[in-house]
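In what follows, a single structure is set out as structure tokens and then discussed.
Not measured: the values here are computed from a predicted model. Any value given below was found using the heavy atoms of this structure, including those in side chains, with hydrogens, waters and symmetry copies removed.
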Amino acid sequence: SNFTNHLVSKGSIAVNGISLTVNDIRNDIFTVNIIPYTRQVTTADNLKTGAKVNLEFDIIGKYILNYMQKSIKHQLTLDKLMQSGW
């Protein structure tokens, strides 16, 4: 399933409960950096390529997506987003 519409660049994502910052989003792939301290005090170092993980998306991204989906019915424009504070 496509989850990238729930991601916000430089926003937060939790991977197996480990809160990380999204660095980049391209197509269906996103990248994060894990600092050495995070690797030491979490289970992040145990992850293997292709492993299934639990993802929890940035709440701000969810709100924006929800707002946009509802607003598309009312001809959402960049100007309307800016007027609404986005």
Side-chain angles (χ1 to χ4, degrees):
S1 125
N2 184 354
F3 54 81
T4 54
N5 58 346
H6 296 281
L7 294 172
V8 177
S9 184
K10 308 305 178 209
S12 297
I13 187 165
V15 179
N16 286 351
I18 304 164
S19 183
L20 302 168
T21 300
V22 176
N23 288 331
D24 193 22
I25 306 163
R26 293 186 189 177
N27 301 318
D28 290 338
I29 298 172
F30 69 94
T31 60
V32 296
N33 285 340
I34 301 177
I35 61 172
Y37 179 77
T38 300
R39 288 181 70 182
Q40 291 171 0
V41 299
T42 66
T43 59
D45 212 22
N46 298 335
L47 292 174
K48 304 291 183 215
T49 301
K52 291 185 179 187
V53 296
N54 181 60
L55 300 177
E56 296 174 44
F57 300 98
D58 190 320
I59 192 71
I60 299 300
K62 289 180 184 180
Y63 284 131
I64 291 171
L65 180 62
N66 187 18
Y67 178 80
M68 290 178 63
Q69 288 174 339
K70 288 179 180 177
S71 297
I72 286 174
K73 296 175 187 172
H74 305 289
Q75 300 297 325
L76 178 66
T77 65
L78 183 57
D79 288 334
K80 286 182 182 178
L81 282 174
M82 291 172 60
Q83 289 171 359
S84 298
W86 297 107

Inset, instruction - Give the cluster check for V41 versus V15: same hydrophobic cluster or not, with ILVMFWY residues linked at side-chain heavy-atom distances below 4.5 Å. - result: no

Inset, instruction - Working to the nearest 0.5 Å, report the span between CD1 of I34 and CG of L47. - result: 7.0 Å

Legend entry - Transitive ILVMFWY side-chain link Y37 to V32, under 4.5 Å: no

Inset, instruction - Following the transitive rule for hydrophobic clusters with a side-chain heavy-atom cut-off under 4.5 Å over Ile, Leu, Val, Met, Phe, Trp and Tyr, establish whether I13 and V53 coincide in one cluster. - result: yes

Legend entry - Validation row: F30, D24 side chains within 4.5 angstrom (heavy atoms): no

Inset, instruction - Hey, could you give me the CG/CG distance between N16 and L55, rounded to the nearest 0.5 Å? - result: 8.0 Å

Legend entry - Distance in Å, E56 CD paired with S19 OG, rounded so as to fall on 0.5 Å steps: 9.0 Å

Legend entry - Exceeds 12 heavy-atom contacts within 6.0 angstrom, atom CG of N54: yes

Legend entry - Single-linkage hydrophobic cluster, 4.5 Å side-chain cutoff, L7 and I29 together: no

